[in-house]
2 protein chains.
Amino acid sequence: MLRVTAIDPSDEARVRRADRETSARAGDHRALRLWLRLLTCTQLLERHMRNLLRLRFGTTLPRFDLMSRLERYPEGLKMKELSHHLMVTGGNVTGIVDQLVRERLVERLPEPGDRRALRVRLTRAGDEAFGKMARAHEEWIVSVLSGLSRKEHAELFRLLAKVKSHALEITERKDGA
Amino acid sequence: MLRVTAIDPSDEARVRRADRETSARAGDHRALRLWLRLLTCTQLLERHMRNLLRLRFGTTLPRFDLMSRLERYPEGLKMKELSHHLMVTGGNVTGIVDQLVRERLVERLPEPGDRRALRVRLTRAGDEAFGKMARAHEEWIVSVLSGLSRKEHAELFRLLAKVKSHALEITERKDGA
DNA sequence: CTTGAATAGATTAAGCCTAAAGTATTGTAG
DNA sequence: CTACAATACTTTAGGCTTAATCTATTCAAG
């Protein structure tokens with residue numbers, strides 16, 4: 001494990017369980033500590049998923065997310081819709097779709113009636129590949145969240161919904177101004 | 001296996017408030033929905049912080065995080081310790097420190113007794129700049145999380161602690177294997 | 001002391017992501 | 001019809017992040 005050549009004795013304990021939030025000082029505001037814990041949790045889980053997707057399927061989380069979204073729309077989605085769903089910029093979607101097209105997992109189709117737009121959808125190969133990944137992915141998620149009881153799951157879900165809706169209000173307010 | 005129910009009328013509403021999780025199908029496992037909500041919340045808050053840091057201070061979240069960590073250690077931290085604290089790779093820390101050094105906000109000092117190591121710490125200018133940003137940052141966080149009561153804050157904090165510790169167990173188990 | 005493993009950092013290649021600017025198309029107002 | 005704004009997408013430049021690889025130094029065993 002980690003060795004610290006101990007400059008200051010308290011460093012040893014701090015570093016042992018090192019992440020962004022454990023060592024927040026007592027004086028820090030509780031909202032700040034909550035935010036740091038939220039960030040740490042998400043990063044931990046996200047990294048776990050990224051590693052598993054890379055090791056087991058040789059893919060990445062963004063590609064998986066994009067395919068996951070397309071899987072729900074057999075008729076495909078326009079680039080614009082995709083970027084909205086995934087909450088990323090259009091340029092980003094362009095790049096990821098480019099790769100998936102190269103790998104023959106998705107295809108770009110012309111949008112009838114609007115020559116500006118393109119419709120993206122899974123190919124048959126893409127759909128099959130995604131099916132395998134999705135089953136494994138769900139198992140991983142269930143496993144990594146299995147430390148909570150069903151009741152705690154529900155409570156956490158509820159609280160995050162509140163965080164989300166309040167955050168949406170605030171960010172939209174500022175964006176609009 | 002295209003098991004997606006064809007376009008149903010609720011699709012329209014789904015797209016209107018688009019993000020990764022709102023439109024999760026009823027059949028999806030609750031763990032999956034919880035994970036997607038967690039991800040959405042964090043992304044929402046993180047994006048908000050990134051935007052504010054960029055607009056108000058012309059800086060980025062990673063730079064802020066790094067300075068935030070250094071601010072707690074006036075004697076500085078070794079690169080290795082920094083990367084552990086921030087939960088990122090060493091190469092990443094190298095790059096961010098390079099920039100902050102160029103901007104005269106942090107400095108690299110030789111580590112007495114180990115010529116491999118470097119100690120990084122805030123310059124006086126860095127410390128002052130960070131102080132201004134930190135005060136604003138805390139206000140933003142308090143504001144964006146103000147939708148929850150104090151009791152809900154505590155409960156969310158507790159639940160996330162459980163998620164975190166369970167995730168640490170699992171990821172460390174797999175990493176060690 | 002010498003050798004070889006381990007450690008601290010830096011570098012590289014590749015992917016993700018954004019904001020801003022560019023291209024082509026559509027819609028609309030006169 | 002023309003001009004202009006809006007829309008859909010792509011491109012570009014730059015920053016973040018990783019895994020893998022490299023260099024220099026330290027440590028540990030003989």
Side-chain angles (χ1 to χ4, degrees), chain A residues 1-5 15 20 39 42-43 46-55 58-67 76-103 108-120 175, chain B residues 20 39 42-43 46-55 57-67 76-103 106 108-120 175:
Chain A
M1 274 317 262
L2 183 77
R3 292 298 152 71
V4 177
T5 49
V15 173
R20 272 211 192 82
L39 195 53
T42 302
Q43 285 178 338
E46 200 172 328
R47 168 177 327 225
H48 189 46
M49 291 304 120
R50 282 182 199 278
N51 282 337
L52 287 170
L53 282 173
R54 182 173 55 86
L55 295 173
T59 192
T60 65
L61 194 50
R63 282 178 233 200
F64 178 82
D65 280 346
L66 193 149
M67 293 177 74
L77 283 173
K78 291 193 287 186
M79 296 291 286
K80 178 79 175 185
E81 294 169 335
L82 256 179
S83 82
H84 190 201
H85 276 301
L86 299 172
M87 299 194 293
V88 297
T89 58
N92 192 353
V93 173
T94 295
I96 297 175
V97 167
D98 281 348
Q99 293 184 34
L100 292 173
V101 165
R102 238 175 279 129
E103 299 168 22
R108 283 188 172 97
L109 305 170
E111 171 74 2
D114 189 345
R115 278 184 298 171
R116 293 169 304 178
L118 292 171
R119 185 155 289 267
V120 183
D175 288 354
Chain B
R20 273 212 193 80
L39 197 52
T42 302
Q43 285 177 338
E46 200 172 329
R47 169 175 327 221
H48 189 47
M49 290 306 120
R50 283 182 199 280
N51 282 338
L52 287 170
L53 281 173
R54 182 173 55 85
L55 295 173
F57 296 108
T59 192
T60 65
L61 195 49
R63 281 178 235 199
F64 178 81
D65 280 345
L66 194 149
M67 292 177 73
L77 284 173
K78 290 194 287 187
M79 295 292 286
K80 179 78 176 186
E81 293 169 337
L82 256 179
S83 83
H84 190 202
H85 276 302
L86 299 171
M87 299 193 293
V88 298
T89 59
N92 192 351
V93 174
T94 295
I96 297 174
V97 167
D98 280 349
Q99 293 184 34
L100 292 173
V101 166
R102 237 176 280 128
E103 297 169 23
V106 310
R108 283 188 172 97
L109 305 170
E111 171 72 5
D114 189 344
R115 277 182 300 169
R116 294 170 304 180
L118 292 172
R119 185 155 289 269
V120 183
D175 288 354

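A note on names: the letters A, B, ... follow the listed sequences, proteins ahead of strands, and every chain is numbered from 1.
- Under 4.0 angstrom from either OP1 or OP2 of C/dG15 there lies no side-chain N or O belonging to A/Arg50.
- The phosphate of D/dT11 (OP1 or OP2) has no side-chain N or O of A/Thr94 nearer than 4.0 angstrom.
- The residue among A/Ala117 and A/Gly91 whose nearest nucleotide of DNA chain D lies closer to the 5′ end is A/Ala117.
- Within the structure, a side-chain polar atom (N or O) of A/Arg115 is placed less than 4.0 Å from OP1 or OP2 of C/dT26.
- Using a 4.5 Å heavy-atom cutoff, the side chains of B/Pro62 and B/Arg50 are in contact.
- Residue B/Glu111 comes nearest to B/Leu118 through the heavy atom pair CB-N, 4.4 Å, listed as atom of the first residue, atom of the second, then distance.
- Checking C/dA19, C/dT18, D/dA19 against every side-chain atom of A/Asn51, the shortest atom distance belongs to D/dA19.
- Rounded to whole Å, atom C1' of D/dT26 lies 11 Å from atom NZ of B/Lys78.
- Of the possible donor and acceptor atoms, none in the side chain of B/Arg63 sits under 3.5 Å from a partner among the backbone N and O of B/Gln99.
- B/Thr89 comes within 4.0 angstrom of a nucleotide base, judged by non-hydrogen atoms across all strands.
- One finds a side-chain N or O of B/Gln99 lying less than 4.0 angstrom from the OP1 or OP2 phosphate oxygen of D/dC16.
- Judged by closest nucleotide on DNA chain D, A/Arg119 is the one of B/Gly113 and A/Arg119 placed further toward the 5' end.
- Rounded to an integer number of Å, the gap from CE of A/Met49 to P of D/dT18 is 17 Å.
- The phosphate of C/dA19 has neither OP1 nor OP2 within less than 4.0 Å of any side-chain N or O from A/Asn92.
- The base of C/dT26 lies outside donor-acceptor range of the side chain of A/Arg116, with no N or O pair under 3.5 Å.
- Phosphate contact (OP1/OP2 of D/dC9, side-chain N/O of A/Ser83, threshold under 4.0 Å): absent.
- With the nearest nucleotide of DNA chain C identified for both A/Glu46 and B/Asp114, B/Asp114 has the one nearer the 5' end.
- In terms of phosphate contacts, A/Arg54 brings a side-chain nitrogen or oxygen within less than 4.0 Å of OP1 or OP2 of D/dA19.
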